[in-house]
Amino acid sequence: MSKTVVVIGAGIGGLSAAIRLAAAGQRVIVLEKNAAVGGKMGEVLRAGFRWDTGPSVITMHHVFEDLFRAAGRRLEDYIELLPVEPLTRYFYPDGTVLDVTRDLARMVEQIRRLDEHDVEGYLAYLSYVARLHRVTGPAFIYGAPPTWRTVTQVALADALRLEPWLTMDAAIRRYVRSPHLRQLLGRFATYVGGSPFRAPATLNVIAHVELNEGIWYPRGGIYAIAAVLERLARELGVTIRTGCAVKQIHVSAASRATGVILADGEQIAADAVLSNVDVAHTLTNLLPRPAVDLRQLRAITRADPSCSGFILLLGVRGEFPQLAQHNIFFSADYRREFDDIFRRGVPPDEPTVYIAITAKADPDHAPAGHENWFVLVNAPAAGPGFDWERGKAGYRDRVLATLARFGLDVRDRLVAEEVFTPADLARQTGSWRGALYGASPNSALAAFRRPPVRDPRVAGLYYAGGTTHPGGGVPMVILSGRLAAQTIVDDCAPESTFRQGDASLTARRNAS
Ligand SMILES: Cc1cc2nc3c(=O)[nH]c(=O)nc-3n(C[C@H](O)[C@H](O)[C@H](O)COP(=O)(O)OP(=O)(O)OC[C@H]3O[C@@H](n4cnc5c(N)ncnc54)[C@H](O)[C@@H]3O)c2cc1C
């Protein structure tokens, strides 16, 4: 018999879980506080410009195909995913420009000009990250959350060759010696909000999904992904209510989630509740205090957060053929930049600046003769180190001055502009301190410390999204949605040993 599942939050993890639950025959209601679905995947339309406000780099094409297949549909009937080429154009302070491309011959030629030895090193690095993906993928990305038992199942020879005790940067140094390439490869740490100088070497796996597999762009803009997931969910019978904030998860005396209470007082009953909201936010604001596992709350809220972002949406007069769809303007001192973020808790003095321009692929995203720049700088999660309200105008000037030093002075060419700080991200999406990817991945143990899919104390309460396993990033939260949906379906199955209200049993199952 079908169960009613309430999903709090229409982020990509929530929508993809809703799709899988509906495809499995459950009755699903998604409640989203914002006016539109998508969460961190947002879009802004203004003055003839269209910007994506969150993700701009889409990898792991197969994860999207898999989601549509699970719903009995074909991805290509809903969305056109175009390969992006070059993947990213890198600009260095010394004037070097490097296009990272799928064209191996062109890539090799550019690396040869930097340092001939690095051609072999780069090719060996690509093979190392492919091995990382083969070995760590099943345990850390595609399956259930890792346990120590999972790790012991990785062949010893493989495990030793991966050198998980090194940092990402230390592993990269074993392969390439050009400072340009080292900085470029280290940048993948930021894809999960970490620092290459602290994150474990295993996170070099991120380079595999981009350099070996490629980047994709959905025709129409990244937000097209959120829009088609909403469409597919509705086609499958999911009820989606936007502008509908959940105030509290209702927990029975037997410690079971029995529904939610909305901000306007309306109550919705459910057999299971899935929170797609940041777990720290869910525990602090949505769960009644007596139901909260205080040990889990302390662990999550005291953990160092991943980095956040400072964002400028710029409508720029003029066209810039020297720019690609994705561009990076590197700082001269990468180590200092990450020290600013993670040690001093302040936005970098000399930031690396990222610019994505969807008008390069979809010219109608900007008026003729203009471009829509999404400018992103890594910043610390909101905290006592920096007052964004007082500092945001000055920091915006600093970012624009940095671009001017690279010959891109657009300060008198801005016809539209919006600024988002880490505090804005926290407000808009409910992310803890505005962190983009949950807890910091800078520790080798981070993958083992993510909150479990089932709440340890409240039966029938589940989590999906970037703060849970396998972590942040669009394809990853789709995988988290798959895991949560599968767990709920299993628990709701008639033969399931899961008994309603038996929180201690839930806790034992989580531990196993
Ligand atoms: C600036 C930026 C750049 C990024 N770049 C990339 C990238 O290039 N590639 C990539 O793969 N990933 C990127 N990411 C990360 C990616 O966007 C996220 O990991 C992913 O979208 C998070 O999805 P989620 O399922 O965790 O839900 P979230 O996006 O966190 O959504 C949670 C939803 O819950 C809603 N909500 C909160 N509280 C309530 C409540 N009380 N009641 C109802 N609803 C509520 C929120 O409004 C929100 O819609 C980026 C993120 C940002 C912000």
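Atoms within each ligand, like the ligands themselves, are counted from 1 in listed order. Counting from 1, the numbers follow the sequence of the chain as shown.
Between N34 and ligand 1, an N or O atom pair is found at a separation short of 3.5 Å. Taking only nitrogen or oxygen atoms, main chain and side chain alike, G466 reaches within less than 3.5 Å of ligand 1. In terms of polar-atom proximity, defined here as any N/O pair under 3.5 Å, V57 does make such a contact with ligand 1. Here's the thing with N276: one of its N/O atoms is less than 3.5 angstrom from an N/O atom of ligand 1. Distances between N or O atoms of M41 and those of ligand 1 include no value under 3.5 Å. An N or O contact shorter than 3.5 Å links V246 to ligand 1 by distance. Here's the thing with S56: one of its N/O atoms is less than 3.5 angstrom from an N/O atom of ligand 1. For ligand 1, the polar-atom distance check finds an N/O of G473 within less than 3.5 Å of one of the ligand's N/O atoms. Annotation: L425 places no N or O atom under 3.5 Å from an N or O atom of ligand 1; distance criterion only.
Side-chain N/O atoms of Y334 and E350 include no donor and acceptor closer than 3.5 Å.
Side-chain N or O atoms of D455 include none that pairs as donor or acceptor with a backbone N or O of L461 at under 3.5 Å. Between the side chain of S480 and the backbone N or O of G465 there is at least one donor-acceptor pair closer than 3.5 Å.
When the heavy-atom distances from atom 36 (N) of ligand 1 to N285, V277, T53 are ranked, the shortest goes to V277.
At a 4.0 Å heavy-atom cut-off, ligand 1 does not touch T59 at all.
Taking the charged nitrogens against the carboxylate oxygens, R50 and D52 do have a contact shorter than 4.0 Å, which makes a salt bridge. Looking at E266 and R241, a side-chain N of the basic residue comes within less than 4.0 Å of a carboxylate O on the acidic one, giving a salt bridge.
Atom 14 (N) of ligand 1 has its closest protein heavy atom at Y437 OH, 3.4 Å.
The aromatic ring centres of W216 and H61 sit less than 6.0 Å apart.
Taking the side chain as every heavy atom from C-beta outward, T487 and Y462 approach each other to under 4.5 Å.
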